[in-house]
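Please read the structure below before turning to the comments.
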Amino acid sequence: MSDFVKDLMAQVKAKNPSEPEFHQAVFEVVSSLVLVLERHPEYRKEKILERIIEPERVLMFRVPWVDDQGEVQINRGFRIEMNSAIGPYKGGLRFHPSVNLGILKFLAFEQVFKNSLTTLPMGGGKGGSDFDPKGKSDGEVMRFCQSFMNELFRHIGSNTDVPAGDIGVGGREIGFLFGQYKKLRNEFTGVLTGKGLNWGGSLIRPEATGYGAVYFAAEMLGTRKQTLEGKKCLVSGSGNVAQYTVEKILQLGGKVLTLSDSNGYIYDEAGIDAEKLKFVMDLKNVRRGRIKDYADKFKSAVYKQIDPSADHNPLWDHKADCAFPSATQNEVNGKDAANLLKNGVYVVSEGANMPSSIEAINQFIDAKILYGPGKAANAGGVATSGLEMAQNSMRYSWTREEVDNRLHLIMKSIHKTCVDTAEKYGTPGNYVNGANIGGFVKVADAMLDQGIV
Ligand code: NDP
């Protein structure tokens, strides 16, 4: 580790104690950026890196609401406005009991580079709450969302900060949040993305993150003159990203063997086909059930519980060609990475944000597999949110094919940026360096242009 990285990380840890995920995200990016700083002393002189790791603004607020039993509940709400050098803050809202300041800061930090890579003019932000929508009635979710927006509305706007969904925030939650924003502001504006199709949403936005991660995998395979046809794939999660990852893999001729939730995972030897995927979508999006039900319904599948305290996740210990981590951060640790490599996996395309630990990433890079880090591979979601903003500004909607084509082109462009940048900085095939440096330079140059603000 260079002295510069060591000193900077010591400062980050001292200034942001108890935020291990934020330290991890900063370390991964800063380790790549050493290559750029050597060539661009102006970034060092103007303290671009020191400034980019400090959020422009952090909002933290009380979210009180009343449950179905008439009990008062109190959650904590956050919005991290990380960087607006190249556009309004943009990034999702996460509702999950594990949410805290450090997790949202890591997500907001990643978002800055990801948004820059998309080629669209979007800054980086992230927000959410420790509220758990699981097991709550629609009425409880609505009252929580309304209370959350009662504070958030004064900080966001279509030219200021445009939140979207993330874990625990899908179409239902975006609807309740938008309704309350509209009521408070008395204006109909593109202040959130992931909206319903009848009220300003974009076709393909629900599909975009998963589709994008698969397009990215296909591009990586293309560098070895291969396609997804016949490839065996492991997918984790069973939410928005996982579902559309499966759909696109099937369309491109691959075979999907696994899906999971926070309780366990299913392994379906026969493959998860379109019919079975339909069952999963109904199970997760309508009935809001558990993935275990899949194995009760389809006899070709087995269900196994996942023990979060175990030293590895058995989902990653099956013979396959490709892996699409699509659940949450640090779901692939060093041992999981070793299992993936041992089982023949040579493509990893991250639908989730920072799903691989630093130990896992180092193994993927050393093994020279096709490893697409989340900030590149899952950028299709926010890119299509950017397309939703463009359509809202025009008061016009593109067709499904138009949006999908643009998404596909953006994923190709992100892939090319990663490949070209990695090559330019002397680390060919290293998508981590490609994504980190490719995303950084545009934001850093904008910050130089705009002075010390
Ligand atoms: P969803 O809420 O739709 O689904 C999340 C899935 O991951 C569920 O199956 C959930 O299981 C599982 N999961 C969540 N937390 C944990 C945990 N701590 N341990 C194990 N499993 C867990 O979220 P999304 O599909 O939208 O998001 C998945 C990932 O993709 C996240 O990392 C998110 O940041 C990232 N992402 C999402 C984008 C989007 O457009 N939605 C864009 C870019 C990245 P359970 O139901 O049991 O909680």
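When a ligand or atom number is given, it counts from 1 through the structure's own listing order.
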*Measuring from the heavy atoms of G168, does anything fall under 4.0 Å of ligand 1?*
yes
*Salt-bridge test for E28 and K375: reply yes if a basic N is under 4.0 Å from a carboxylate O, no otherwise.*
yes
*Give the atoms of ligand 1, by number and element, whose distance to some non-hydrogen atom of S238 is under 4.0 Å.*
9 (O)
*Checking K335 side chain against V332 main chain: does a donor-acceptor pair fall under 3.5 Å?*
no
*Applying salt bridge (charged side-chain N to carboxylate O under 4.0 Å, His left out), run through K136 and D67 and close with a yes or a no.*
CA-CA 9 Å; K136 303 286 190 304; D67 69 16; over 6 Å; no
_Heavy-atom contact check, 4.0 Å cutoff: does R205 meet ligand 1?_
yes
*Specify the protein heavy atom at minimum distance from atom 34 (O) of ligand 1: its residue, its atom name, and the distance to 0.1 Å.*
D166 OD1, 2.6 Å
*Can you tell me if Q243 has a non-hydrogen atom under 4.0 Å from ligand 1?*
no
*Evaluating non-hydrogen atoms only, which member of G380, P97, A242, A327 is closest to atom 28 (C) of ligand 1?*
A327
*Would you check whether R290 reaches within less than 4.0 Å of ligand 1, judged by its heavy atoms?*
yes
*Does ligand 1 have a heavy atom under 4.0 Å from the side chain of T209, from its backbone, from both, or from neither?*
side chain
*Can a salt bridge be assigned to the pair K255 and D273 using a cut-off of 4.0 Å between side-chain N and carboxylate O?*
no
*Distance filter under 4.0 Å to T328 heavy atoms, resulting ligand 1 atoms*: 15 (N), 16 (C), 17 (C), 18 (N), 19 (N), 32 (O)
_Nearest protein heavy atom with distance in Å, relative to atom 48 (O) of ligand 1_ = K134 NZ, 2.9 Å
*Would a distance-only check, ignoring hydrogens and angles, find a side-chain to backbone donor-acceptor pair under 3.5 Å from R62 to I74?*
no
*Would you call P133 and R172 a side-chain contact if the rule is heavy atoms closer than 4.5 Å?*
yes
_Any side-chain heavy-atom pair of V12 and I53 under 4.5 Å_ = yes
*Where does the angle between the aromatic ring planes of Y294 and F298 fall among parallel (under 30°), tilted (30 to 60°) and perpendicular (over 60°)?*
tilted
_At under 4.0 Å between heavy atoms, is it the side chain or the backbone of Q329 that contacts ligand 1, or both, or neither?_
neither
*Pick from G351, A379, G381, S260: the one approaching atom 36 (N) of ligand 1 most closely through a non-hydrogen atom*: G351
*Would you indicate whether the side-chain heavy atoms of T189 and N392 approach each other to under 4.5 Å?*
no
_Tell me whether Q391 contacts the main-chain N or O of L387 through its side chain, where contact means a donor paired with an acceptor under 3.5 Å._
yes
*asked:* Starting from atom 41 (N) of ligand 1, what is the nearest protein heavy atom, named by residue and atom, and what distance separates them?
replied: N240 OD1, 3.6 Å
*Please say whether L107 places an N or O atom under 3.5 Å from an N or O atom belonging to ligand 1.*
no
*asked:* Within the protein, is there a heavy atom lying under 4.0 Å from atom 38 (C) of ligand 1?
replied: yes
*Are any of the N/O atoms in N378 less than 3.5 Å from those in ligand 1?*
no
_For Y215 and D404, which I'm curious about, is there any donor-acceptor pair between the side chains at under 3.5 Å?_
yes
*Of all the atoms in ligand 1, which lie at a distance below 4.0 Å from a heavy atom belonging to A352?*
29 (C), 30 (O), 32 (O), 35 (C)
*Ion pair check, E219 and K412, cut-off under 4.0 Å*: yes
*Got an N/O contact under 3.5 Å between N263 and ligand 1?*
no
_Heavy-atom donor-acceptor pair, N16 side chain to E19 backbone, under 3.5 Å_ = no
*For atom 15 (N) of ligand 1, closest protein heavy-atom neighbour*: H96 NE2, 3.5 Å
*Could you tell me whether R94 and D130 make a salt bridge, using a distance below 4.0 angstrom between a side-chain N and a carboxylate O?*
no
*Looking only at protein heavy atoms, identify the closest one to atom 24 (P) of ligand 1 and say how far it is in Å.*
V241 CG2, 3.8 Å
*If you measure every N/O of K284 against every N/O of ligand 1, is any gap under 3.5 Å?*
no
*asked:* Could you check whether any side-chain N or O of S260 sits under 3.5 Å from a backbone N or O of Y265, counting only pairs where one atom can act as donor and the other as acceptor?
replied: no
*Protein heavy atom at shortest distance from atom 22 (C) of ligand 1*: S262 CB, 4.0 Å
*Nearest protein heavy atom to atom 6 (C) of ligand 1, by residue and atom, and its distance?*
G239 N, 4.0 Å
*asked:* Does any N or O of ligand 1 fall below 3.5 Å from an N or O anywhere on S326, backbone included?
replied: no
*Does the Q146 side chain pair with the main chain of Q180, one donor and one acceptor, at a distance under 3.5 Å?*
no
_Contacting atoms of ligand 1, where contact means under 4.0 angstrom from a heavy atom of G237_ = 9 (O)
*Considering only non-hydrogen protein atoms, determine which one is nearest to atom 27 (O) of ligand 1 and report residue, atom name and distance to 0.1 Å.*
I167 CG1, 3.6 Å
*Examine ligand 1 and decide if any of its atoms is less than 4.0 Å from a heavy atom belonging to R94.*
yes
